[in-house]
A.B. asks: 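First, the structure itself, so that you have it in front of you.
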Protein chains: 2
Amino acid sequence: MATFKWRTIADDLIKKIEAGELTPGTQLPTELELQDEYHASRNTVRDALKWLIQRQLVVTHAGRGTFVTRDITPYKVELSPPRGVGPGGDEGSAYVAAAKIQGRRPSVSDPRVEIRKASASMAEWLHVEEGARVVSRHQQRFIDDEPWSLQTSFYPMDFVTRGADRLVDAVDVEEGVVKYLEQELGLVQAGYQDQITVRPPDRDESLFFDLPETAAVTLIELSRTAYATSGEPLRFTVTVYPADRNMLNYKIGEVP
Amino acid sequence: MATFKWRTIADDLIKKIEAGELTPGTQLPTELELQDEYHASRNTVRDALKWLIQRQLVVTHAGRGTFVTRDITPYKVELSPPRGVGPGGDEGSAYVAAAKIQGRRPSVSDPRVEIRKASASMAEWLHVEEGARVVSRHQQRFIDDEPWSLQTSFYPMDFVTRGADRLVDAVDVEEGVVKYLEQELGLVQAGYQDQITVRPPDRDESLFFDLPETAAVTLIELSRTAYATSGEPLRFTVTVYPADRNMLNYKIGEVP
DNA sequence: CCGTATTTGTTCGTATGTATT
DNA sequence: CAATACATACGAACAAATACG
């Protein structure tokens with residue numbers, strides 16, 4: 001067969017959704033009804049629905065039904081330093097301010113603080129010896145009480161011994177860690193390098209973001225290495241965003 | 001059942017792959033063999049394999065078998081302007097140079113040039129009237145002869161009438177369009193704004209990138225609006241990258 | 001080039017489990 | 001508790017792609 005039965009069903013349903021015949025939030029016909037409508041077996045209907053689920057056009061709930069996905073307004077993540085301030089951008093503290101401007105209600109969990117041995121790759125990022133101690137601060141971030149991103153930052157343990165005690169305190173640093181390190185240790189952020197990749201979620205991430213396992217939701221992973229004026233790494237931060245509800249933004253040079 | 005049969009099979013296979021027991025390129029047992037091994041029906045085995053296919057851990061070929069995915073070294077896309085040159089970065093021309101440095105063999109198709117009416121969103125991006133003419137230049141880019149990205153750039157038709165004829169010429173502008181516009185019209189790129197989103201491919205894109213429909217490969221869509229020193233938009237570019245073989249990179253401020 | 005065996009892809013039917021109403 | 005609706009699992013048949021003698 002040139003094109004498959006499940007696919008023609010899927011395409012027809014997609015057409016109906018895109019035509020507005022099935023609006024966001026409305027329930028699709030049940031699998032039994034679709035079976036009759038398209039003269040297909042239930043399994044074939046389910047194959048078609050899987051295709052829509054993957055595209056996130058619909059969601060299914062056992063016992064309730066299949067529903068057209070509600071529109072989500074993606075959150076704009078601004079990753080450039082704030083205007084005229086130089087490259088001191090603290091993605092963490094900027095997050096709260098930026099979200100408010102977009103009319104959203106952001107919140108941040110208190111961090112889970114751990115002291116760990118640096119892995120090989122971590123050692124390379126932070127320019128420390130492999131096995132040296134690093135502080136990791138892991139935070140969950142919410143927008144409008146919905147889980148929005150997970151962030152883990154790593155700092156050399158050295159910073160703590162030199163006086164930046166609050167790094168090992170399991171409390172959010174409201175003014176931003178970058179500013180705190182500047183005040184406490186005189187370390188000024190001179191720049192940063194971002195690496196953006198896309199990958200599937202692991203089990204913990206699926207749980208936190210409440211991602212249906214059947215859907216193919218991917219995460220955007222942003223790895224940021226911040227450097228001090230001396231050229232030494234200041235911190236290494238990994239932030240994961242569900243790809244479906246976030247949009248990353250950069251402004252380079254003069255942008256009106 | 002707390003956890004499902006297909007899932008335990010999938011997890012076991014994943015474990016074997018991650019343990020190196022099944023190395024990239026090697027063939028998995030056939031569905032018939034897995035059926036015996038796990039005392040499951042063929043459909044259940046196939047459900048497990050679908051999970052691995054989604055995660056891109058394996059690929060299947062009808063008539064041949066199921067194979068552990070070969071490792072792919074992601075291509076590093078550098079999206080910051082070249083050092084010390086100011087924000088004049090031309091993502092198009094930089095691409096070829098950067099790829100060579102990474103030891104890859106890049107190539108670019110000649111562009112498909114079209115003159116179209118500006119849609120509402122396009123008009124907003126380019127600061128032209130809705131319905132005004134815009135030039136679109138669509139190019140396919142390859143690395144090591146494999147499809148790597150698709151790019152479409154839009155320019156106000158005005159640029160052509162003012163003398164930038166080569167914009168409507170279906171030939172690659174080797175030195176980069178940004179430099180060409182500077183030479184021809186004195187328009188200097190002062191900055192740009194990037195928007196990064198992730199979405200599933202459409203049919204054309206699946207075809208070009210040779211993405212198996214069963215896999216959940218997503219595309220990274222990078223929308224760049226470049227501005228001239230006057231503050232007027234210079235061009236609007238949309239580039240799509242298959243998420244599995246690309247890594248986006250930004251350097252902000254001083255990065256050693 | 002042809003025919004056959006192998007392997008994955010699609011479709012169907014059916015039974016049972018689990019979540020929701 | 002019963003009815004409804006989706007989820008898992010099994011078995012079976014045939015089609016399509018590939019490999020091989």
Side-chain angles (χ1 to χ4, degrees), chain A residues 1-13 22 25-70 203 206-207 210-217, chain B residues 1-13 22 25-69 206-207 210-217:
Chain A
M1 212 185 305
T3 178
F4 310 113
K5 200 163 183 177
W6 67 263
R7 188 57 194 273
T8 67
I9 298 174
D11 285 342
D12 190 58
L13 289 172
L22 295 165
T26 59
Q27 181 171 5
L28 264 70
T30 67
E31 294 176 353
L32 208 74
E33 289 167 333
L34 290 173
Q35 195 178 312
D36 287 349
E37 185 176 340
Y38 291 103
H39 305 288
S41 76
R42 174 143 180 259
N43 282 332
T44 303
V45 168
R46 282 176 63 74
D47 281 342
L49 289 177
K50 267 178 213 155
W51 183 253
L52 302 207
I53 292 169
Q54 273 207 358
R55 310 268 139 154
Q56 309 214 171
L57 294 169
V58 301
V59 286
T60 55
H61 300 285
R64 287 209 281 143
T66 305
F67 302 84
V68 180
T69 308
R70 288 182 304 283
R203 211 178 251 110
S206 286
L207 219 64
D210 193 27
L211 304 176
E213 290 210 330
T214 45
V217 190
Chain B
M1 209 183 309
T3 180
F4 312 112
K5 199 163 183 175
W6 67 263
R7 188 57 194 273
T8 67
I9 298 173
D11 285 343
D12 190 59
L13 289 172
L22 294 165
T26 59
Q27 181 171 8
L28 265 68
T30 66
E31 294 176 353
L32 207 75
E33 289 166 334
L34 291 173
Q35 196 172 224
D36 287 350
E37 187 176 340
Y38 292 102
H39 305 290
S41 75
R42 176 152 174 248
N43 281 331
T44 303
V45 167
R46 283 176 63 76
D47 280 343
L49 289 178
K50 268 178 210 155
W51 183 254
L52 302 208
I53 292 169
Q54 273 208 354
R55 311 266 137 154
Q56 309 217 170
L57 294 169
V58 301
V59 288
T60 54
H61 300 283
R64 287 209 281 143
T66 305
F67 302 84
V68 179
T69 308
S206 285
L207 218 65
D210 194 27
L211 304 177
E213 291 209 332
T214 46
V217 191

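Chain letters run A, B, ... following the sequence lines, proteins first, then strands; residues in each count from 1.
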A.B. asks: Which listed nucleotide (dC6(D), dT8(C), dT11(C)) is nearest to the side chain of Thr66(A)?
C.D. replies: dC6(D)

A.B. asks: For dG9(C), take OP1 and OP2 only and decide whether either is under 4.0 Å from a side-chain N or O of Arg46(B).
C.D. replies: yes

A.B. asks: Which ones in residues 47-60 of chain A lie close to DNA chain D, meaning a heavy atom under 4.0 Å from one of its atoms?
C.D. replies: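 DNA chain D contact set from residues 47-60 of chain A: Thr60(A).
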
A.B. asks: Can you check whether Leu34(A) reaches Leu13(A) side chain to side chain, under 4.5 Å on heavy atoms?
C.D. replies: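 Yes, at least one pair of side-chain atoms sits under 4.5 Å.
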
A.B. asks: Quick one: Tyr38(B) OH to dT8(D) P, roughly how many Å, whole number?
C.D. replies: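 In whole Å, dT8(D) P lies 19 Å from Tyr38(B) OH.
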
A.B. asks: May I ask you to say whether Asp11(B) pairs ionically with Arg203(A), meaning some side-chain N is under 4.0 Å from a carboxylate O?
C.D. replies: yes

A.B. asks: Rounded to whole Å, how long is the line connecting atom CD1 of Ile9(B) with atom P of dT8(D)?
C.D. replies: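 These atoms are roughly 13 Å apart.
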
A.B. asks: Do the side chains of Arg64(B) and Gln27(B) get nearer than 4.5 Å, heavy atoms only?
C.D. replies: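 With C-beta onward as the side chain, the pair stays apart.
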
A.B. asks: Keeping the roles fixed (side chain from Gln54(A), backbone from Trp51(A)), state whether a donor-acceptor pair exists under 3.5 Å.
C.D. replies: no

A.B. asks: Starting at atom CD of Glu33(A), determine the distance to atom P of dA5(D), rounded to an integer number of angstrom.
C.D. replies: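 Nearest whole value for this atom pair: 7 Å.
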
A.B. asks: CD of Glu31(B) versus P of dG11(D): gap in Å, rounded?
C.D. replies: 15 Å

A.B. asks: Just how far, in rounded Å, is C1' of dT16(C) from CG of Asn43(A)?
C.D. replies: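 To the nearest whole Å, that distance equals 14 Å.
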
A.B. asks: Please confirm whether the backbone N or O of Leu28(A) pairs with a side-chain atom of Thr66(A), one donor and one acceptor, at under 3.5 Å?
C.D. replies: no

A.B. asks: Round to a whole Å and report the spacing from CZ of Arg42(B) to P of dC10(D).
C.D. replies: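 One finds 14 Å between P of dC10(D) and CZ of Arg42(B), rounded.
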
A.B. asks: Is any side-chain N or O of Ser41(B) closer than 4.0 Å to OP1 or OP2 of dC10(D)?
C.D. replies: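 Indeed, a polar side-chain atom of Ser41(B) lies that close.
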
A.B. asks: Mind calculating the distance between NE2 (His39(B)) and C1' (dA9(D)) to the nearest angstrom?
C.D. replies: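 My rounded result for the distance is 16 Å.
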
A.B. asks: So, OP1 or OP2 of dT4(D): does either fall under 4.0 Å of a side-chain N or O from Thr30(A)?
C.D. replies: no

A.B. asks: In whole angstrom, what separates Phe4(A)'s CZ from dT8(C)'s P?
C.D. replies: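 It works out to 16 Å between those atoms.
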
A.B. asks: Counting only side-chain N and O atoms of Arg64(A), is one of them less than 4.0 Å from OP1 or OP2 of dC6(D)?
C.D. replies: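 Negative; the distance criterion is not met.
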
A.B. asks: Answer yes or no: is there a side-chain heavy-atom contact under 4.5 Å between Thr3(B) and Thr8(B)?
C.D. replies: yes

A.B. asks: By nearest nucleotide on DNA chain C, pick out whichever of Trp6(A) and His61(A) is the more 5' one.
C.D. replies: Trp6(A)

A.B. asks: Is there a donor-acceptor pair under 3.5 Å between the side chain of Lys5(A) and the backbone N or O of Ser41(A)?
C.D. replies: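 Side chain of Lys5(A) to backbone of Ser41(A), a donor-acceptor pair under 3.5 Å: no, none is there.
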
